[in-house]
Every structure is written in C-alpha cells, then in structure tokens.
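Working notes, beginning with the structure itself.
Counting convention: from 1, in listed order, for ligands and their atoms alike. In this chain, numbering begins with 1 at the start of the sequence shown. Everything numeric in this text was worked out from a predicted model, so none of it was measured.
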Amino acid sequence: MKTRMISINRAELDNASLEEAAAILRRGGLVAFPTETVYGLGANALDECAAAKIYAAKGRPSDNPLIAHIAKISDLQPLVSGIPEAGRRLMDAYWPGPLTMIFMKSSLVPYTTTGGLDTVAVRMPDDIIANRLIELAGIPVAAPSANTSGRPSPTTAGHVFQDMDGRIDMIVDGGPVEIGVESTIVDVTGDIPMLLRPGAVTVEMLRETAGRIEIDPAIEGPLKSGIRPKAPGMKYRHYAPNANLTLIEDENWDGGAISAKVVETIIRLASETAAKGQKAGIICTEETKALYPEAAVIRSLGHRNREETIAHSLFAALREFDSLDVDDIYSESFSGDNLGRAIMNRLTKAAGYHIMKV
Ligand code: AMP
Ligand code: MG
C-alpha cells in the first residue's frame with residue numbers, strides 16, 4: 001500500500017485536503033492524524049473491518065481496545081448506554097481535551113473496537129485538525145496511538161511515517177503535537193470514578209471536579225501475576241525503545257533536585273556500557289546535563305520544574321536513542337505528582353519497571 005502524506009497548516013485549515021482524509025475514513029481506510037496528546041491512527045469506530053485494520057497495522061493484540069474519538073458532546077449518546085453523573089461533570093470540565101472516559105457501550109459499537117468488552121472508551125480531542133477531520137468524516141473515529149505496538153508513541157508525523165509507511169492510506173501532518181503523552185483515562189462506570197491511565201488532566205484536576213477518584217494499582221507498578229489491569233493496554237510492555245532503559249533514583253529523594261549520588265551512578269553505569277564497547281544514552285534535564293560525559297548520547301528533556309516540556313520531549317527522545325543505536329539508556333527520575341505521574345508512568349513502563357535505588 002502506498003501511504004500518502006499531506007501537510008495541513010493549523011492557522012488556515014484546508015478543508016478540501018481534510019475532506020479527502022475524511023472520505024478515506026468513511027470508506028473504511030486508515031488515516032493517521034495529530035491530536036493534542038499524540039498522533040492517532042484513525043478508522044471508522046463503527047465498522048468492524050476498519051477497526052480490525054488498525055490492529056493489523058499496529059501489530060496490536062486484539063484484546064487491547066480502541067478509543068473512539070468524537071467531534072462534539074452530542075456524538076457521545078449513540079455510543080453509550082448511559083452517562084453517569086461523574087462522567088457528565090468531567091466532560092463539562094475537560095472536553096474537548098486530553099481526557100478519555102469509559103462508559104457502558106451501546107449495541108452500535110462493535111466488539112472489535114472494544115476488544116471484546118461491554119464498555120467503550122470515548123474522547124473528544126481539542127486539536128483543531130483532529131476535531132475538523134472527525135466532524136467532516138461524520139463518524140466516531142477509533143484512534144489508538146499511531147505507533148507499532150510496543151514502540152514509543154508518535155509525537156510528529158515523521159515518527160508515524162517511521163512505523164506506518166506502506167501500512168496505512170494517509171498521514172495528515174499537522175506538525176509536532178502539543179502535549180506529548182497519551183490521554184488520561186477514567187472509568188466512570190462504577191460508583192467511584194477510577195483512573196486507569198494518568199495524563200495531562202491530572203488526578204488533582206479530576207478530584208477537584210468529581211470528588212473521590214480511585215487509582216488503578218496497575219498504574220503504579222508492575223502487576224502481580226494473576227491481576228488484570230482495568231485498561232487492557234496497560235499490561236503490555238509499552239512506550240519502549242529498543243535499548244535497555246534503567247531509571248536511577250535516590251532512595252531518600254524528596255522529589256526536588258537530583259542528588260550527586262544519582263549523577264555519579266549514571267556516570268559509572270554509562271562508562272561500564274562504554275567499556276563493553278556499547279553505546280550509552282542518558283536522560284537528564286537542563287540542570288544536570290553538563291555533568292555527564294560527552295562520550296554518551298545525552299538528552300535533556302528540559303527544565304525539571306517545567307513538566308509540560310518534559311512530557312513533550314519524552315517519546316521523541318526515546319525514539320532518537322533507537323535511531324542512534326544506543327544499547328543502554330540511564331535515566332534520572334521525575335517526581336510523581338500532577339503531570340509527573342504521567343511522565344513516570346510512561347518512563348517506568350518503558351523501563352519494564354527496572355528502577356535502581358541508590
Ligand atoms: P492508545 O489509544 O494506544 O493510547 O490505547 C488506548 C488505551 O485505552 C489502552 O490502554 C486501552 O487498554 C484503553 N482502553 C480502551 N478502551 C477501554 C475500555 N473499554 N476499558 C478499559 N480500557 C480501555
Ligand atoms: Mg498506544
């Protein structure tokens with residue numbers, strides 16, 4: 001299959017090009033497009049064959065459900081069998097935006113889209129290109145992240161091209177995304193809403209709007225055998241570069257500045273990698289980047305207190321290590337509040353929960 005790439009200028013949306021992309025979606029094809037979180041791989045969420053093509057293009061396990069994206073709040077009703085009060089409050093506060101909610105599904109939504117579940121995940125993105133494309137398509141658009149399953153999510157059209165060239169009909173290039181980590185997922189089907197994946201709508205924000213929020217234990221650490229996460233996707237190794245990634249954390253860390261102990265350990269580990277004749281990569285921040293040896297591939301994600309910048313740079317950095325054939329990556333830790341919870345969730349998963357306490 002030949003993959004077409006079209007560029008869309010956000011300042012002046014070209015409806016004719018977006019209509020071409022919308023027509024592909026309507027006839028059951030695959031179109032990758034930018035959202036404010038990461039690039040999505042879109043297909044008609046109500047068409048079983050179209051949804052099945054997403055799993056094939058990504059190499060995604062068929063029990064890992066897709067998020068249906070809508071253009072306006074009134075598009076939600078046909079997809080669900082009820083809208084609980086907490087869901088109503090959260091969508092009033094955060095839609096359009098980086099918040100996905102899980103509802104009981106209606107019979108309109110095929111099980112291929114929901115990975116066999118009786119629930120459906122729905123989000124209304126804020127990105128102007130995503131919103132216009134979904135509106136023009138006139139259908140809910142299932143759109144998981146547009147990466148090969150297991151690889152870091154794409155934050156530019158170039159990343160999508162690396163993974164999806166020849167596998168999908170079209171890539172809509174709208175430039176780099178705004179946020180850089182996937183949406184927050186909240187299940188609102190129970191009595192108390194439950195966070196299934198942290199994102200840019202933080203737990204702190206959810207609690208302010210909806211009161212009590214439970215947190216799925218699968219977010220915080222590796223799962224004990226036999227326990228299933230509520231978001232099936234959270235059980236797979238994810239967001240991972242080809243290199244071995246290790247997080248280094250001071251056991252007495254208060255979440256503030258990185259200690260000399262962590263820096264020294266990373267320097268030692270990087271030199272051990274080099275001594276084996278292999279390439280080391282280091283993930284750090286502006287505050288520490290000058291402390292590391294130039295022989296390593298050093299990537300600063302930004303200033304430590306600018307969590308938005310860290311989130312925005314993370315997946316691109318992981319992909320870059322791959323393109324530079326790095327063997328071992330050593331990363332500083334990030335504090336786990338607010339957006340930091342999403343950053344640490346992606347990093348610890350990418351590391352396969354390999355955290356070294358020093
Ligand atoms: P992605 O779109 O690639 O960010 O992945 C979508 C995420 O949403 C995966 O982790 C899924 O497991 C999760 N998800 C989608 N639908 C549901 C659902 N009905 N219940 C729980 N989790 C869901
Ligand atoms: Mg994904």
Select one of side chain, backbone, both or neither to describe which atoms of [X] lie under 4.0 Å from any atom of ligand 1, heavy atoms only.
X    : result
M194 : neither
T114 : neither
R197 : side chain

From CG (D254) to OG (S335), nearest 0.5 Å
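One finds 9.5 Å between CG of D254 and OG of S335.
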Relative to the heavy atoms of [X], which atoms of ligand 1 are at a distance of less than 4.0 Å?
X    : answer
I102 : 17 (C), 18 (C), 19 (N), 20 (N), 21 (C), 22 (N), 23 (C)
K230 : 21 (C), 22 (N)
S145 : 1 (P), 2 (O), 3 (O)
N64  : 9 (C), 11 (C), 12 (O)
L117 : 18 (C), 19 (N), 20 (N)
I185 : 7 (C), 8 (O), 13 (C)

Under a 3.5 Å cutoff, is there a donor and acceptor pairing between the side chains of R197 and N345?
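Distance-only check fails for R197 and N345.
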Testing I329, I248, I282 one by one against L269 for a side-chain contact (heavy atoms from CB on, under 4.5 Å), which residue passes?
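With L269 as partner, I329, I248, I282 yield a single side-chain contact (heavy atoms from CB on, under 4.5 Å), made by I248.
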Does R346 count as lying over the ring of F315, i.e. NZ or CZ under 6.0 Å from the six-ring centre, within 45 degrees of the axis?
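Cation-pi check for R346 and F315: fails.
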Geometric cation-pi criterion K279 and F321, 6.0 Å radius, 45° cone:
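No, K279 does not lie over the aromatic ring of F321.
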Does an N or O anywhere in K58 fall below 3.5 Å from an N or O of ligand 1?
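K58 vs ligand 1: no N/O contact under 3.5 Å.
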Please confirm whether T119 comes within less than 3.5 Å of ligand 1 when only nitrogen or oxygen atoms on both sides are compared.
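Checking ligand 1 against T119, an N or O pair does fall under 3.5 Å apart.
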So, R123 and E36, do they make that salt bridge, N to O below 4.0 Å?
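Salt bridge present between R123 and E36.
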Any carboxylate oxygen within less than 4.0 angstrom of a Lys/Arg side-chain nitrogen, looking at R319 and D163?
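Yes, charged N to carboxylate O under 4.0 Å.
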Evaluate K53 against D169 for salt bridge (Lys or Arg N to Asp or Glu O under 4.0 Å), listing each step before the verdict.
CA-CA 11 Å; K53 287 184 196 166; D169 298 285; 5.7 Å; no
Does K105 reach ligand 1, in the sense of a heavy atom lying below 4.0 Å from it?
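No, that is not the case, since the closest heavy atom of the residue is not under 4.0 Å from the ligand.
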Smallest separation among heavy atoms of K105 and S81, with atom names
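Closest approach of K105 to S81, heavy atoms only: O-CB, 3.8 Å.
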Backbone or side-chain N/O/S of S149 under 2.8 Å of the Mg ion (ligand 2)
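For S149, the answer is no, given that no N, O or S atom comes within less than 2.8 Å of the Mg ion (ligand 2).
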